[in-house]
Amino acid sequence: MLDVQIKKQLFHYDLEVDFSVGNEKVILFGPSGSGKTTILDSIAGLNKPDSGKICLGNNLFFDQKQWMPTRVRNVGYLFQDYALFPHMTVEKNIYYGIRKKEQNSAIEKILDVLRIHHLWTKFPHQISGGEKQRVALARALATEPSVLLLDEPLSALDKQTRTECQDEILRIHEFWKIPFIIVTHDMDEAEKLGNKIIFLEEGKIIKTTTV
Ligand SMILES: Nc1ncnc2c1ncn2[C@@H]1O[C@H](COP(=O)(O)OP(=O)(O)OP(=O)(O)O)[C@@H](O)[C@H]1O
């Protein structure tokens, strides 16, 4: 279980949220600037809350006394713009940050589930938006994370590719069964992907619904 309690003073309001995520898919839904990325960044260790507590099972990521560095949190993060390295092939992008290349059995499974074997030697500019999304997802999963954060993972895609990638996210979750936190602005997508939807407004949870 991932437990998140965060307080942080932002430019225009105070972010203050308290929620838990089991091995399920939780959606963060809210207008631009409502604090969604700040919450993901806090879980990943890219942003430090003013107070609160974040823990994954017995692993304490953050509290008043402790700050666990990003690299040891074992959190997978798919950024809004995928952030693939343009000068690296798909293979290098996926293996980036993994130490024991040959011993990583997870990679083969990921490549099968996402169907991206054939892109191995291509560079990001040689592949489509949907393929980039799948490569970025593979990279986020290659480290075998204990939590996966997805910040508007599908917003740049056309409708058909988007539907395909939604199905892939559902399949990946079936397979991995770890906490997924997904940010989206699209209610249909939220209802398709989420087990639970957390509605945010100006840094506060105004409603939570179970799908
Ligand atoms: N370093 C900072 N210090 C204080 N406030 C900040 C800082 N960075 C961003 N903010 C403010 O925090 C608020 C939340 O931003 P955040 O990016 O988390 O929102 P969001 O819901 O992810 O928005 P979007 O949907 O547009 O990506 C914004 O009002 C922003 O101005």
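Bear in mind the structure is a predicted one, so any value in this text is a computation, not a measurement.
Of all the heavy atoms in Ala142 and Ile94, the pair that sits closest is CB-O, 3.6 Å. Minimum heavy-atom separation, Phe19 to Leu28: CZ-CD2, 4.5 Å. What you find for Arg115 and His118 is that their closest heavy atoms are O-CE1, 3.3 Å.
Checking each of Asp167, Ile27, Leu150 against Leu193 for a side-chain contact (heavy atoms from CB on, under 4.5 Å) leaves exactly one that passes, namely Ile27.
Heavy-atom contacts from other residues, nucleotides or ligands closer than 6.0 Å to NZ of Lys204 number more than 12. By the 6.0 Å contact criterion, NZ on Lys196 is enclosed, its count of non-hydrogen atoms from other residues, nucleotides or ligands being greater than 12.
Within the model, atoms NE2 of His125 and NE2 of His87 stand 13.5 Å from one another, a figure rounded to the nearest 0.5 Å. For the atom pair Thr184 OG1 and Glu189 CD, the distance stands at 3.5 Å (nearest 0.5 Å). For the atom pair CE (Met1) and OG (Ser20), the distance works out to 5.5 Å, reported to the nearest 0.5 Å. Expressed to the nearest 0.5 Å, how far OG of Ser51 lies from CZ of Phe62 amounts to 6.5 Å. Within the model, atoms NZ of Lys7 and CG of Asp18 stand 10.0 Å from one another, a figure rounded to the nearest 0.5 Å.
With hydrogens and angles ignored, the 3.5 Å screen pairs a side-chain donor or acceptor of Arg73 with a backbone N or O of Met68. Of the possible donor and acceptor atoms, none in the side chain of Glu191 sits under 3.5 Å from a partner among the backbone N and O of Asp188. Panel note: side chain Glu24, backbone Gly22; a donor-acceptor pair is recorded below 3.5 Å. Of the possible donor and acceptor atoms, one in the side chain of His173 sits under 3.5 Å from a partner among the backbone N and O of Ile178. No side-chain donor-acceptor contact under 3.5 Å links Asn59 to the backbone of Cys55. Checking side-chain atoms of Asp151 against main-chain N and O of Val183 turns up no donor-acceptor pair under 3.5 Å. The main-chain N or O of Pro31 is found under 3.5 Å from a side-chain atom of Lys36 such that the two form a donor-acceptor pair. No side-chain donor-acceptor contact under 3.5 Å links Asp3 to the backbone of Ile54.
Residues Leu84 and Phe123 are not in side-chain contact: their nearest non-hydrogen atoms beyond the backbone lie 4.5 Å or more apart. Between Val4 and Leu2 there is a side-chain heavy-atom pair separated by less than 4.5 Å. Between Met187 and Ile197 the shortest side-chain heavy-atom distance falls below 4.5 Å. Inter-residue side-chain proximity for Gln5 and Glu16 is flagged as unmet; no heavy-atom pair is nearer than 4.5 Å. Within the 4.5 Å cutoff, the side chain of Glu144 has no heavy atoms near those of the Asn74 side chain. A heavy-atom distance below 4.5 Å is not found between the side chains of Pro145 and Val147. For the pair Val90 and Thr121, the minimum side-chain heavy-atom distance is 4.5 Å or more. Residues Ile169 and Pro153 are in side-chain contact: their nearest non-hydrogen atoms beyond the backbone lie under 4.5 Å apart.
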Inset, instruction - Please lay out, stage by stage, how Leu56 and Phe61 fare under the test side-chain contact (heavy atoms from CB on, under 4.5 Å). - result: CA-CA 7 Å; Leu56 178 67; Phe61 286 1; 3.8 Å; yes
Legend entry - Steps toward side-chain contact (heavy atoms from CB on, under 4.5 Å) verdict (Val26, Asn195): CA-CA 6 Å; Val26 167; Asn195 305 112; over 6 Å; no
Inset, instruction - Give the C-alpha distance, both sets of side-chain angles, the deciding distance and a yes or no for side chain to side chain donor-acceptor pair (under 3.5 Å) between Gln166 and Lys192. - result: CA-CA 8 Å; Gln166 286 168 348; Lys192 178 170 174 183; 3.1 Å; yes
Legend entry - Evaluation steps, side-chain contact (heavy atoms from CB on, under 4.5 Å), between Ile205 and Leu200: CA-CA 5 Å; Ile205 296 175; Leu200 287 162; 3.9 Å; yes
Inset, instruction - Given side chain to side chain donor-acceptor pair (under 3.5 Å), test His12 with Glu202 step by step and report yes or no. - result: CA-CA 8 Å; His12 307 294; Glu202 298 213 330; over 6 Å; no
Inset, instruction - For the pair Leu149 and Ile182, evaluate side-chain contact (heavy atoms from CB on, under 4.5 Å) and give the outcome as yes or no after the intermediate values. - result: CA-CA 6 Å; Leu149 310 175; Ile182 307 167; over 6 Å; no
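Stacking of Arg139 on the aromatic ring of Phe85 is recorded, both the 6.0 Å distance cut-off and the 45° axial limit being met. No cation-pi contact links Lys25 to Phe180, judged by a cut-off of 6.0 Å to the six-membered ring centre and 45° from its axis.
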Donor-acceptor contacts, no H, no angles, side chain residues 42-50, under 3.5 Å, sequence neighbours left out:
from  : atom 1 : to    : atom 2 : distance (Å)
Ser42 : OG     : Thr38 : O      : 2.7
Asn47 : OD1    : Lys8  : NZ     : 3.3
Asp50 : OD2    : Gln9  : N      : 2.7

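Val211 and Ile181 are assigned to two separate hydrophobic clusters, defined by single-linkage of ILVMFWY side chains at heavy-atom distances under 4.5 Å. Criterion: ILVMFWY side-chain heavy atoms under 4.5 Å apart, direct or through other members. Under it, Leu78 and Leu141 are part of a common hydrophobic cluster. Cluster membership check: Val75 does not share its hydrophobic cluster with Leu60, using side-chain heavy-atom separations under 4.5 Å among Ile, Leu, Val, Met, Phe, Trp and Tyr. By the rule that hydrophobic residues join a cluster once side-chain heavy atoms approach within less than 4.5 Å of another member, Leu154 and Leu40 end up as members of separate clusters. Put simply, Leu15 and Phe29 are part of two different groups of oily side chains (I, L, V, M, F, W, Y) that touch within less than 4.5 Å, one to the next.
Using a 4.0 Å cut-off between charged nitrogen and carboxylate oxygen, Lys122 and Glu131 do not count as a salt-bridge pair. Ion pairing between Arg171 and Glu168 holds under the 4.0 Å rule for side-chain N and carboxylate O.
When only modelled atom types and interatomic distance are considered, Ser34 and Glu201 share no side-chain donor-acceptor pair under 3.5 Å.
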